[in-house]
Amino acid sequence: MENYKIGTKCLQAGYSPKNGEPRQIPIYQSTTFKYDTSEDMGKLFDLEASGYFYSRLQNPTNDCVAARIAALEGGSAAMLTSSGQAASFYSIFNIASCGDHIVSSSAIYGGTYNLFAVTMKRMGIEFTFVKPDCSDEELEKAFRPNTKAVFGETIANPALDVLDIEKFANAAHAHGVPLIIDNTFATPINCRPFEWGADIVTHSTTKYMDGHASGVGGCIVDSGKFDWTKYPDKFPGLCTPDDSYHGVTYTERFGLEGAYITKATAQLMRDFGSIQSPQNAYLVGLGLESLELRMKRHCENAQAVAEYVKNHEKIEWVRYCGLPEDKYYELGRKYLPNGSCGVISFGVKGGRKAAETFMKNLKLASIETHVADSKTCCLHPASATHRQMNDDELRAAGVSPDLIRFSCGIEDKDDIIADIEQALESI
Ligand SMILES: *Cc1c(COP(=O)(O)O)cnc(C)c1O
């Protein structure tokens, strides 16, 4: 499978049926798995044999889909989680605990920001946030002796900043810690962060991977390249015996390719749950089959919409890295040469009031908190997710009162543009 192009891997990686087996990935709708002897099962519990015993930790449907995503990202191992939030949490909690510190880009999904700045802080893990376009010195100053990872988003939701992945990877590696990248918006079709030095990738599969607004889910992929054993003091969980698994040392038993994901499965899934349901995993697998086709169309539509609105007299500004005048055009050309994603943002003249009128008059595009879906949807944060804030507070949060997040679907672009046109006329 390794030598095939990514569009082929979307359909065939992760599952190869043998003679007479189902063509499509089967849904193993089973909580548990049967064994002939207690001894057989005991080996699984000791991590001496691989196999399934309880779907809170692992399920064969999930593993096929996770293997497909690992193949798309070029990683060594992956696991599915019940949501993108669970993936972000596990990706860090697998290597950090109370008393540790993380450096994160400030241009990240609002839910992730809250998880880091409020909830994980309560667990004793501190975060320092840096602007994605900070100087090398500012980035350097954010590190502490107890820093355990660096985190960022390839394309930030909803700010649409493009991260300089190489810069962040170099800084992380200079301090002996991995770079974790949330690659939800770009998907592995448009960017594979491992090729730029990232070590771990996370996804909200809820978005483009599922693609059809049918299931919430997440994924964590390990590149298998970060050498934890060079820093045993920083990563004792991976480099010293785990008493809760009869003293297994994950890096020794599973190598660099398997240690991180095995630990996350054996400890975090065992203790916290939050595994994706096999039914939802099946839907993600189905969505992945058309991911390459869909991403092309999303990008084509977003480019056309961005070019249309940028010349419209009722539009104040537009953000999309596919526009040559965009602040992130050059980084986009480097990291996203074939397209970025289907999400653009723009401001309508007349501020909050005009934005509300515009939204109310859209007919094809629906108002949703969802984003990155095959059907066009949009959100006006000032009157929805951020409605409790006044204009000054909104600006401080990096969201202008007139900002509209517009997620271009895969409908015909002429219809999407016509919808925007008639809604703008209503203002
Ligand atoms: C939606 C989203 C998340 C959270 O994912 P859920 O599946 O909603 O939990 C994380 N990161 C990004 C970039 C997202 O867009």
Side-chain angles (χ1 to χ4, degrees), residues 62 65-66 69 73 78-93 102 104-120 127 129 132 151-163 165 180-191 193 198 200-221 272-277 279-281 283-284 287-288 291 295 298 302 321 328 335-336 340-345 368-374 377-379 381 384-386 398-399 405-409:
N62 293 33
V65 177
I69 296 173
E73 289 286 4
M79 74 195 294
L80 298 188
T81 56
S82 59
S83 67
Q85 287 297 98
S88 302
F89 173 56
Y90 282 5
S91 73
I92 289 175
F93 201 65
I102 308 291
S104 174
S105 163
S106 60
I108 51 174
Y109 173 66
T112 312
Y113 183 83
N114 204 68
L115 168 69
F116 290 175
V118 181
T119 302
M120 290 183 76
F127 288 77
F129 295 95
F151 188 96
E153 283 177 22
T154 313
I155 308 170
N157 173 15
L160 302 180
D161 301 14
V162 178
L163 192 77
I165 300 174
I180 305 173
I181 292 288
D182 180 336
N183 197 32
T184 299
F185 267 26
T187 82
I189 303 303
N190 287 338
C191 179
I200 289 147
V201 157
T202 62
H203 281 280
S204 166
T205 61
T206 318
K207 313 296 166 51
Y208 289 122
M209 285 194 170
D210 171 304
H212 303 81
S214 48
V216 171
C219 183
I220 308 174
V221 191
F272 293 115
S274 321
I275 196 168
Q276 195 165 122
S277 78
Q279 182 81 40
N280 279 7
L283 290 170
V284 172
L288 289 173
L291 185 65
M295 288 313 290
H298 280 295
C321 73
Y328 289 101
Y335 293 107
L336 306 151
S340 56
C341 66
V343 185
I344 73 169
S345 64
E368 293 168 24
T369 53
H370 193 41
V371 65
D373 180 34
S374 55
C377 54
C378 61
L379 180 76
T385 46
H386 297 61
V399 179
R405 183 180 73 186
F406 200 90
S407 173
C408 299

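Computed from a predicted model, the values in this text were never measured in an experiment. In this chain, residues are counted from 1 in sequence order. When a ligand or atom number is given, it counts from 1 through the structure's own listing order.
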Is the closest N or O pair between [X] and ligand 1 shorter than 3.5 Å?
X: Lys207; value: yes
X: Tyr109; value: no
X: Gly84; value: yes
X: Gln85; value: yes

Whether [X] side chain and [Y] backbone form a donor-acceptor pair below 3.5 Å:
X: Asn62; Y: Leu80; result: no
X: Tyr90; Y: Ile220; result: no
X: Glu153; Y: Tyr109; result: yes

Looking only at protein heavy atoms, identify the closest one to [atom] and say how far it is in Å.
atom: atom 7 (O) of ligand 1; answer: Thr206 OG1, 2.6 Å
atom: atom 5 (O) of ligand 1; answer: Ser204 OG, 3.0 Å
atom: atom 12 (C) of ligand 1; answer: Asp182 OD2, 3.4 Å

Can you tell me if Gly217 contacts ligand 1 (heavy atom of the residue under 4.0 Å from the ligand)?
yes
With a 4.5 Å heavy-atom cut-off, do Asn157 and Thr184 have their side chains touching?
no
Taking the six-membered ring for Trp, are Phe151 and Phe116 ring centroids under 6.0 Å apart?
yes
Looking only at non-hydrogen atoms, find the nearest pair between Met120 and Phe93 and report the distance.
CE-N, 4.4 Å
